[in-house]
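Naming: A, B, ... by sequence-line order, numbering from 1 per chain. A quick note: this is a predicted structure, and the numbers were derived from the prediction, not measured.
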Protein chains: 4
Amino acid sequence: MATRPPSSLTPETGPATERGERTRRKLLGAAEGEFGERGFHHASISSITQRAGVAQGTFYLYFRSKEEIFRALVEHMNRTMRRHLSEAIAGAASRAEAERIGLEAFLRFCREHENLYRIVMESQFVDPEAHRWYFTTLASGYAERLRAAQGRGEIRRGDPYTQALALIGVAFFMGKRHLLWGDDVPPLEQALETATAFIQGGILPPEGGGGEGAR
Amino acid sequence: MATRPPSSLTPETGPATERGERTRRKLLGAAEGEFGERGFHHASISSITQRAGVAQGTFYLYFRSKEEIFRALVEHMNRTMRRHLSEAIAGAASRAEAERIGLEAFLRFCREHENLYRIVMESQFVDPEAHRWYFTTLASGYAERLRAAQGRGEIRRGDPYTQALALIGVAFFMGKRHLLWGDDVPPLEQALETATAFIQGGILPPEGGGGEGAR
Amino acid sequence: MATRPPSSLTPETGPATERGERTRRKLLGAAEGEFGERGFHHASISSITQRAGVAQGTFYLYFRSKEEIFRALVEHMNRTMRRHLSEAIAGAASRAEAERIGLEAFLRFCREHENLYRIVMESQFVDPEAHRWYFTTLASGYAERLRAAQGRGEIRRGDPYTQALALIGVAFFMGKRHLLWGDDVPPLEQALETATAFIQGGILPPEGGGGEGAR
Amino acid sequence: MATRPPSSLTPETGPATERGERTRRKLLGAAEGEFGERGFHHASISSITQRAGVAQGTFYLYFRSKEEIFRALVEHMNRTMRRHLSEAIAGAASRAEAERIGLEAFLRFCREHENLYRIVMESQFVDPEAHRWYFTTLASGYAERLRAAQGRGEIRRGDPYTQALALIGVAFFMGKRHLLWGDDVPPLEQALETATAFIQGGILPPEGGGGEGAR
DNA sequence: AATGAATGAGACTTCATTCAT
DNA sequence: CATGAATGAAGTCTCATTCAT
């Protein structure tokens, strides 16, 4: 399970001076806006550079292609989101609580970074490798925590990776409704409650025991 | 919650003769292959018509645009998948059993119709309206059943639509792993077991009761 | 010694109808003008299509790239020139006479087909494979004739292929002066006389014999 | 007949210090490699400066444009080759011997300076003026020698410039085969023998006399 | 004397769509 | 009902050249 960007990732070109670094960041920011709002294929390099306030040619000083900046974005988002979630659940008393907090943090975070959600999902069709890496990475870290919680008898036994993926699936599909279709949708709070109950039922050990480190 | 194709859907053009019907189906089949294998944007009308064995111009006798045939495909898949799943769970003794059977049926079905999965997911970026309709439709029907089961005390109370979406999310994210990344993945059976436990834990009423119409 | 277009040559795409054939010829004609006048790299597809009176996209119905039409042109010119020269020397009484006639025919032909000369020479830098094929082909046919003449004792013995190449070299370098730099140049006739003397001295058997296979 | 670089040639810019001179030479060397290996149009200033180990901007301190450095290269090669050939034939006892030695020296020299041959030929399409100057210069010097030899009755009478061009043509076309296509080619020695016979037959006075100082 | 980031014009190529047959 | 040649807009990318440091 690859937990590191495939060697094909990361190798962007580009100046390394102070000024260069600034330009690079401007491009990434502009690209996030474009890709998020218009989607990969409707986005054009020229809009990106316009947004960034640089000439078209400048783009290619930093990224070899449209695909490459997209990939860089996906990697960036992976790091950002994981850091954010880690911090959010840092103080959780139990795995169950971590789940509740984590789900809410995820949805709030996505709401504030509208483009992130869309870009990550679209990556499946733009750069499947990066997409896979994104989720594989996320799920692996997640699974690690679940495995530990299983060890402590806090949650139901089972393949932790599958559990992680299931939890991620719940979060992302709730995202569809609340981030994408958010018209006539019940308030987030109510959905969170139901979802949390679902999740906790899904991972908490069956009442009768079975999660108690036993087996 | 739209449960019917928005008026913008469905209105394909096209002859109604016997021969015409055949051509139309050939085009849809070819499009499914192209879109599934190369993605919407890399697919070209000319490849589709080639695959279908008709001239390029013929395409526009049946569909007004590339987007339109894509949408038609999404609708077709919606019908197909729902029918298939209904039949699969028809004989289930309980909601819990229906879930187990349904999840497995879903994954097996997608495996046999490789392109379906991809096309449905990509529709988010090609025709968000159709995408939304696809899942909204699916979730509504699903929610209906869950609501009934709640009424019978078979499952945990809560917003059935949210439950439905969560269940769909679990299924689709398992699909990512087992349909898309299927390299070094544990056998489907094992994952199904964990996932089923997760799902059933997630929807079954808490042991102490509480699903029984009570509360 | 490849005497047939390498498999990479010849495979142009393109409609095969009557109208298609006409368009194709228009494109080839336009390309010849462009390449001849402005050189391969300064020529642009758009000028070519403009000259031909078709839309830009039409170009790619017939040729896969700028390189491909260039190659097609080189092949076409190879056929044209060889046919012309064959016909010109058909009635020559001896090899020596054939050379004289051939050289003159070559120069006159190039003068009437200004672009041909330039395109063939430039092919060395655009498509070395085609360039090689052009001259290899030309030299092989030529060498065949020389070998036969050697057999008849009409000309000096020696590697006929080398002789052929030398003769071609003389012709092409005379072309430089008389076709390309033709400003303050002595009349063609005078140069032809010197060149013919040179060539005939070069190939005729040494007086004392040496072509002794015959005579 | 221009025997001196047209005023448009030669006027490169550039510092005159010790260090500056070194940089200039590094650039010329790098350009020779690039132009020789990839051709004028595929060569890029940035590769040239990279090879030379200087920054891109530095290039324009020494040459006003890509064309200018190319021209400088052609001029340089002209000087180099002429000097080399002069020296090679210096001790030749007769014009005939000089030709034999000269042809061989030419081919050996080109083999050791692979790029020279290609660059000189390509100059026709990059800077026709420089190309013409290159050959005009070469042919004029050559013709001078031939004229003298005619005077001494050593060689056949005729326009010496045409003779010179013919001889150059033979050499350059032998170069095509032995420098460019050198795969399945007979050993250089054998070709040299045939070519020498050809050349000497071509220029030596007809046996019966005619070169005897008469006229 | 040198640097190297930035520029921006321009080229090739693709492809959804139209239309005369 | 079908054909397939033609269209032309749009987009990615390259690269010679400039300029502030």
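Between the P atom of dT13(E) and the NE2 atom of H41(B) lies a distance of 23 Å, rounded to the nearest Å. Taking atom CZ of residue F63(B) and atom C1' of nucleotide dT18(E), one finds them 18 Å apart after rounding to whole Å. Taking atom CZ of residue R25(D) and atom C1' of nucleotide dA1(E), one finds them 16 Å apart after rounding to whole Å. Atom CZ in R64(C) sits about 14 Å away from atom P in dC15(E), given to the nearest Å. If you take CD of E18(C) and C1' of dT3(F), they are 17 Å apart, rounded to a whole angstrom. With rounding to whole Å, F35(D) atom CZ is found 12 Å from dA16(F) atom C1'. Taking atom NZ of residue K66(A) and atom P of nucleotide dA10(F), one finds them 15 Å apart after rounding to whole Å. Look at CG on L27(C): it is 14 Å from C1' on dT7(F), rounded to the nearest Å.
Taking only side-chain atoms of L61(A), from C-beta outward, the nucleotide of dT12(F), dT3(E), dA5(E) with the closest atom is dA5(E). Nearest nucleotide to the A55(C) side chain, out of dT12(F), dG8(F), dG8(E): dG8(F). Closest to the side chain of I45(D), out of dT13(E), dA16(F), dA6(E), is dA16(F).
For T23(D) and dA2(E), the shortest distance from a side-chain N or O to OP1 or OP2 is below 4.0 Å. Contact annotation: Y60(C) side-chain N/O to dT14(E) OP1/OP2 distance is not under 4.0 Å. OP1 or OP2 of dA6(E) has at least one side-chain nitrogen or oxygen of Y62(A) nearer than 4.0 Å.
Toward the 5′ end of DNA chain F lies the nearest nucleotide of T17(C), the other residue of the pair T58(A) and T17(C) mapping further downstream. In terms of position along DNA chain E, the nucleotide closest to V54(A) lies nearer the 5' end than the nucleotide closest to the other residue of the pair S65(B) and V54(A). Each of R19(B) and E67(D) lies near DNA chain F, and the nucleotide nearest R19(B) is the one positioned closer to the 5' end. Between F59(A) and G57(D), the one whose closest nucleotide on DNA chain E sits nearer the 5' end is G57(D).
Between F40(B) and F70(B), the gap from one ring centroid to the other is short of 6.0 Å. Taking the six-membered ring wherever Trp is involved, the centroid distance between the rings of F135(D) and H131(D) falls below 6.0 Å.
In this structure, CD1 in I48(A) is found 5.5 Å from CZ in F59(A), a value given to the nearest 0.5 Å.
Looking at heavy-atom distances under 4.0 Å, G20(C) makes no contact with the nucleic acid at all. In this structure, S44(D) reaches the sugar-phosphate backbone alone: every heavy-atom distance under 4.0 Å involves primed, P, OP1 or OP2 atoms, never a base.
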(request) Show your reasoning for whether salt bridge (Lys or Arg N to Asp or Glu O under 4.0 Å) applies to R51(D) and E32(D). (result) CA-CA 11 Å; R51(D) 270 189 196 231; E32(D) 181 187 325; over 6 Å; no

(request) Report the C-alpha distance between E34(D) and K66(D) in whole Å, list the side-chain angles of each, state the deciding distance to 0.1 Å, and finish with yes or no for salt bridge (Lys or Arg N to Asp or Glu O under 4.0 Å). (result) CA-CA 12 Å; E34(D) 274 286 301; K66(D) 196 182 175 186; over 6 Å; no

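Nucleotide dT21(E) forms a pair with dA2(F), judged by Watson-Crick or G-U wobble geometry with both contacts under 3.5 Å. dC15(F): Watson-Crick or G-U partner is dG8(E), with both key distances under 3.5 Å.
Aromatic ring pairs are classed by plane angle as parallel below 30°, tilted from 30° to 60° and perpendicular above 60°; the pair H41(C) and H41(D) is parallel.
At a cut-off of 3.5 angstrom, counting only N and O atoms as typed in the model, there is no donor on one side facing an acceptor on the other between the side-chain of Q56(C) and the base of dC12(E).
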